[in-house]
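In the text below, chain A, chain B and the rest are named by the order of the sequence lines, each starting its count at 1. As the structure is a prediction and not an experimental result, all values here were calculated from the model.
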2 protein chains.
Amino acid sequence: MMAGVALEHAILVSLLEQPGSGYELARRFDRSIGRFWTATHQQIYRVLKRMEADGWVTAEEIDQDGRPDKRSYSVATPGRSVLTTWLREPVQPESVRHELAVKIRGAAFDDAAGRAALIAEVERYRADHETTLHRYQTGEQRDFPDPGALDTGQRLRHVVLRGGIAYEQMVLAWLDDVLDTLHGLGR
Amino acid sequence: MMAGVALEHAILVSLLEQPGSGYELARRFDRSIGRFWTATHQQIYRVLKRMEADGWVTAEEIDQDGRPDKRSYSVATPGRSVLTTWLREPVQPESVRHELAVKIRGAAFDDAAGRAALIAEVERYRADHETTLHRYQTGEQRDFPDPGALDTGQRLRHVVLRGGIAYEQMVLAWLDDVLDTLHGLGR
DNA sequence: CTGCGCATGTAAACCGTTACATGATTGG
DNA sequence: CCAATCATGTAACGGTTTACATGCGCAG
């Protein structure tokens, strides 16, 4: 039990870094946190309610003029305990799902037209990852301009971002290898 | 719809590469295919039944002496159509879940003892990935000893394996960066 | 006056994990 | 004789995804 239950922990970390509403969390999951954890707003609202009921977070109603009211959540003491307990548990092996790898192996059972379509798709996919890499690199220059003068939280966020950059660079190099291989099949 | 429905496609590719029983598929998902798609035997049996009911695969009862009978599945024509249709659809962006990255950012909210526990955990995790890399490299030498003389299917399986190797190498380099960063916090 | 961003939800369908269950054969 | 491997399943639970729903304010 408590195996797949990890969105809670990602939310706790995000709220400790900065309190915020469900909507704000959903936007963070689309951006920064979404680099290593994805979640939709429906999931987030549901989990926030449960976490509030369990006393892990507290909500503060905030009236906004010109905008709908919102509920800003902060981590309460029990939530912090839950997080530190979880931090000391073993990391579960990642369960991988690489759709593109399945399609590449599947290309052995498709014809030349199918392989041409796959090449086009790999090129589009590659362009997406190039955009992501540039976004990460821009963010790195903006958020960590002076790597020598960072506090603990910044250093940890920076090393996670470097992981994202290394991942995207690896993916781009591999996709070039894939494209070479797919082109080489025609010859 | 038909978005998360992809275990079917991984099974179709695996059965086209080699027909086999549910049990055999489960073992492949623990090994070769499991590099980019994970599935348990329960999932596989459930999906195979549905695929057989839908006419995507056909089953052949095989009596074995000294072993339980088994049902060997092969891909039928409709299954092959389903696969080629899917192959030409856009690749969905991967939904990422990196528990370790969440824990690293969470370490900013834990004490020195918690960070020491995280370092130990990262080292254990690193050892696992090193084992995986060596397994991939051994498999590469066994299955692709002469990269100049490969057929289409082998070349495609090889480029997917090279992706796995590149991923593991990237992870190991990043984990070294993580360990340096975590050790640097104490100073 | 239309579309976008802010803000929060419900409902249904589906997927994935864990636990439990059965039974045969082979090797140590 | 005990453990491991082969072989196939059921049931329950929980997590994820998709579709649907509401309503305000602002900018073009």
Side-chain angles (χ1 to χ4, degrees), chain A residues 1-11 19-31 33-34 36-54 57 59-73 86 92-99 102, chain B residues 1-11 19-31 33-34 36-54 57 59-73 92-97 99 102:
Chain A
M1 72 199 75
M2 273 273 160
V5 187
L7 177 55
E8 280 86 338
H9 305 119
I11 289 176
S21 68
Y23 189 83
E24 282 161 357
L25 279 170
R27 292 188 70 230
R28 290 186 216 168
F29 275 84
D30 276 348
R31 297 163 190 242
I33 312 276
F36 50 89
W37 208 271
T38 53
T40 60
H41 76 276
Q42 293 89 339
Q43 281 179 77
I44 290 166
Y45 284 121
R46 191 177 347 122
V47 170
L48 276 174
K49 278 194 174 173
R50 190 170 62 217
M51 290 168 78
E52 194 188 0
D54 292 344
V57 297
E60 189 195 357
E61 305 282 340
I62 296 184
D63 290 1
Q64 301 184 118
D65 39 60
R67 286 184 183 175
D69 296 353
K70 66 177 182 183
R71 314 193 72 214
S72 186
Y73 291 92
W86 175 75
Q92 302 291 120
E94 305 110 270
S95 69
V96 181
R97 261 120 222 230
H98 289 321
E99 196 183 310
V102 180
Chain B
M1 74 196 78
M2 273 274 160
V5 186
L7 176 55
E8 280 87 338
H9 305 119
I11 288 176
S21 68
Y23 188 84
E24 282 161 357
L25 280 170
R27 294 189 69 229
R28 289 185 216 168
F29 275 82
D30 275 347
R31 297 163 190 241
I33 313 276
F36 50 89
W37 208 271
T38 54
T40 61
H41 76 276
Q42 292 88 341
Q43 282 179 76
I44 290 166
Y45 284 122
R46 202 193 315 141
V47 170
L48 275 174
K49 277 192 174 172
R50 191 169 63 218
M51 290 168 77
E52 193 188 0
D54 293 344
V57 296
E60 189 194 356
E61 304 281 340
I62 296 184
D63 290 0
Q64 301 183 117
D65 38 60
R67 287 183 183 177
D69 297 352
K70 67 177 184 183
R71 313 194 74 214
S72 187
Y73 291 93
Q92 302 291 119
E94 304 111 88
S95 68
V96 180
R97 260 119 222 236
E99 199 184 307
V102 179

Using a cut-off of less than 4.0 Å, is there contact between a side-chain N or O of [X] and OP1 or OP2 of [N]?
X       : N      : value
B:Ser21 : D:dT8  : yes
B:Arg27 : D:dA7  : no
B:Lys49 : D:dT10 : yes
B:Gln42 : D:dT10 : no
B:Tyr23 : D:dT8  : no

For this session: Kindly compute the distance separating OH (B:Tyr73) from CD1 (B:Ile44), expressed to the nearest 0.5 Å.
Result: 11.5 Å
Problem set entry | Point-to-point distance, once rounded to the nearest 0.5 Å, from CZ of A:Arg71 to NZ of A:Lys49 | 8.5 Å
Exercise. When the C1' atoms of the five terminal pairs at each end define the local axes, what inter-axis angle does the helix from C:dC1-D:dG28 to C:dG28-D:dC1 show, to 10 degrees?
Worked result: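 End axes: 30° apart.
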Exercise. Taking side chain as C-beta onward, heavy atoms only, is A:His9 less than 4.5 Å from B:Glu99?
Worked result: no
Rounded to the nearest Å, what distance is computed from the [atom1] atom of residue [X] to the [atom2] atom of nucleotide [N]?
X       : N      : atom1 : atom2 : value
B:Arg97 : C:dC15 : CZ    : C1'   : 12 Å
A:Lys70 : C:dC6  : NZ    : P     : 11 Å
A:Gln92 : C:dG16 : CD    : P     : 17 Å
B:Ile44 : C:dT18 : CD1   : P     : 15 Å
B:Gln43 : D:dT10 : CD    : P     : 15 Å
A:Arg50 : D:dC13 : CZ    : P     : 16 Å
A:His41 : C:dG5  : NE2   : P     : 15 Å
B:Trp37 : C:dT17 : CH2   : C1'   : 16 Å

Exercise. Where do B:Val102 and A:Ala10 come nearest, in terms of heavy atoms and distance?
Worked result: CG1-CA, 3.8 Å
Problem set entry | Distance-minimising heavy-atom pair for B:Trp37 and B:Phe29 |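 For B:Trp37 versus B:Phe29, the nearest heavy atoms are O-CD2, 3.5 Å.
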For this session: For B:Glu60, check side chain to side chain donor-acceptor pair (under 3.5 Å) against everything at least two apart and list the hits.
Result: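 With neighbours one apart ignored, the set is empty.
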Exercise. Who are the side-chain contact (heavy atoms from CB on, under 4.5 Å) partners of A:Glu94, not counting sequence neighbours?
Worked result: B:His98, B:Tyr125, B:His129, B:Tyr167
For this session: Would you indicate what B:Arg46 reaches in the nucleic acid, counting non-hydrogen atoms under 4.0 angstrom: base, sugar-phosphate, or nothing?
Result: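 If one applies the 4.0 Å heavy-atom cut-off, B:Arg46 turns out to touch a base.
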